[in-house]
Q: 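Got a structure for you, questions after.
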Amino acid sequence: MNKSELIDTISSEADISKAAAERALTSAMNAIMKAVAEGDRVTLVGFGTFHASKRASRTGLNPRTGEKIEIAAANVPKFTPGAAFKDAANKAQ
(Lines give C-alpha, C1' and ligand atoms only; values in the text may rest on other atoms or scores of the structure.)
Protein backbone atom coordinates (compact mmCIF):
# COMPACT_ATOMS: atom_id res chain seq x y z
CA MET A 1 0.00 0.00 0.00
CA ASN A 2 1.37 3.41 -0.92
CA LYS A 3 0.45 6.87 0.42
CA SER A 4 -2.36 7.52 -2.08
CA GLU A 5 -3.93 4.13 -1.34
CA LEU A 6 -3.69 4.87 2.39
CA ILE A 7 -5.39 8.24 1.82
CA ASP A 8 -8.19 6.47 -0.10
CA THR A 9 -8.65 4.01 2.78
CA ILE A 10 -8.68 6.75 5.42
CA SER A 11 -11.14 8.76 3.33
CA SER A 12 -13.60 5.90 2.95
CA GLU A 13 -13.34 4.56 6.53
CA ALA A 14 -13.55 7.99 8.19
CA ASP A 15 -16.20 9.22 5.73
CA ILE A 16 -14.22 12.37 4.88
CA SER A 17 -12.98 13.84 1.63
CA LYS A 18 -9.69 12.68 0.13
CA ALA A 19 -8.29 16.19 0.54
CA ALA A 20 -9.12 16.16 4.26
CA ALA A 21 -7.65 12.66 4.65
CA GLU A 22 -4.45 13.77 2.91
CA ARG A 23 -4.13 16.83 5.17
CA ALA A 24 -4.71 14.69 8.27
CA LEU A 25 -2.18 12.05 7.23
CA THR A 26 0.43 14.65 6.25
CA SER A 27 -0.09 16.50 9.55
CA ALA A 28 0.29 13.29 11.55
CA MET A 29 3.46 12.29 9.68
CA ASN A 30 4.96 15.77 10.12
CA ALA A 31 4.18 15.79 13.84
CA ILE A 32 5.80 12.37 14.30
CA MET A 33 8.91 13.38 12.31
CA LYS A 34 9.28 16.65 14.25
CA ALA A 35 8.92 14.95 17.64
CA VAL A 36 11.43 12.20 16.78
CA ALA A 37 13.88 14.78 15.38
CA GLU A 38 13.67 16.64 18.70
CA GLY A 39 14.49 13.43 20.59
CA ASP A 40 10.99 12.59 21.80
CA ARG A 41 9.26 9.22 21.62
CA VAL A 42 5.87 9.00 19.93
CA THR A 43 3.79 6.13 21.29
CA LEU A 44 0.53 5.09 19.69
CA VAL A 45 -0.86 2.47 22.07
CA GLY A 46 -1.50 -0.80 20.25
CA PHE A 47 0.26 0.43 17.10
CA GLY A 48 3.85 1.13 18.14
CA THR A 49 6.51 3.61 19.13
CA PHE A 50 8.61 5.89 16.93
CA HIS A 51 11.94 7.04 18.37
CA ALA A 52 15.46 8.10 17.43
CA SER A 53 18.46 5.90 18.07
CA LYS A 54 22.13 6.87 17.97
CA ARG A 55 24.34 5.01 15.53
CA ALA A 56 28.06 5.22 16.31
CA SER A 57 30.65 6.21 13.74
CA ARG A 58 32.33 3.32 12.01
CA THR A 59 34.82 2.44 9.31
CA GLY A 60 33.43 1.24 6.00
CA LEU A 61 34.79 0.30 2.60
CA ASN A 62 34.22 2.11 -0.68
CA PRO A 63 32.84 -0.68 -2.87
CA ARG A 64 34.49 0.71 -6.02
CA THR A 65 38.00 1.26 -4.75
CA GLY A 66 38.15 -0.84 -1.61
CA GLU A 67 39.42 2.26 0.19
CA LYS A 68 38.55 2.59 3.87
CA ILE A 69 36.23 5.49 4.68
CA GLU A 70 34.95 6.87 7.95
CA ILE A 71 31.15 6.83 8.27
CA ALA A 72 29.97 9.57 10.62
CA ALA A 73 27.78 8.97 13.66
CA ALA A 74 24.10 9.65 13.08
CA ASN A 75 20.68 9.61 14.69
CA VAL A 76 18.41 7.17 12.89
CA PRO A 77 14.63 6.84 13.22
CA LYS A 78 13.30 3.54 14.52
CA PHE A 79 9.87 1.99 14.91
CA THR A 80 8.94 -0.65 17.45
CA PRO A 81 5.58 -2.28 16.74
CA GLY A 82 3.08 -2.68 19.55
CA ALA A 83 1.49 -5.95 20.64
CA ALA A 84 -1.76 -5.38 18.72
CA PHE A 85 0.20 -4.61 15.54
CA LYS A 86 2.29 -7.78 15.95
CA ASP A 87 -0.84 -9.85 16.57
CA ALA A 88 -2.56 -8.41 13.49
CA ALA A 89 0.52 -9.14 11.35
CA ASN A 90 0.65 -12.73 12.58
CA LYS A 91 -3.06 -13.32 11.95
CA ALA A 92 -2.62 -12.22 8.32
CA GLN A 93 -0.39 -15.25 7.60
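What you are looking at is a predicted structure, and each value in this text was computed from that prediction instead of being measured.
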Q: Partners of N2 by side-chain hydrogen bond (donor to acceptor under 3.5 Å, both in side chains), sequence neighbours excluded?
A: S4
Q: Could you tell me which non-hydrogen atom of A35 sits nearest to which non-hydrogen atom of V42, and how far apart they are?
A: CB-CG2, 3.6 Å
Q: Output all residues satisfying side-chain contact (heavy atoms from CB on, under 4.5 Å) with T59, sequence neighbours left out; order by chain, then residue number.
A: K68, E70
Q: Please name all residues satisfying side-chain hydrogen bond (donor to acceptor under 3.5 Å, both in side chains) with N75, sequence neighbours left out, ordered by chain then number.
A: none
Q: At what distance, to the nearest 0.5 angstrom, does OG1 of T9 lie from CD of E5?
A: 7.5 Å
Q: With ring pair (Phe, Tyr, Trp, His ring centres under 6.0 Å) as the rule and sequence neighbours excluded, what pairs involving residues 17-50 come up?
A: F47-F79, F47-F85, F50-F79
Q: May I have all residue pairs that pass salt bridge (charged side-chain N to carboxylate O under 4.0 Å, His left out) and include part of residues 38-67, sequence neighbours excluded?
A: none
Q: What pairs of donor and acceptor atoms, side-chain ones from residues 17-29 against any protein atom, are under 3.5 angstrom apart with sequence neighbours left out?
A:
residue	atom	partner	partner atom	Å
S17	OG	A20	N	3.1
K18	NZ	D8	OD1	3.3
T26	OG1	E22	O	2.9
S27	OG	R23	O	2.8

Q: Taking all non-hydrogen atoms of both residues into account, name the closest pair between T49 and T43 and its distance.
A: OG1-OG1, 3.4 Å
Q: Taking side-chain contact (heavy atoms from CB on, under 4.5 Å) as the test, write out the residues that go with T80, two or more places apart.
A: H51
Q: For S57 and I71, indicate whether the former's side chain and the latter's backbone hold a donor-acceptor pair under 3.5 Å.
A: no
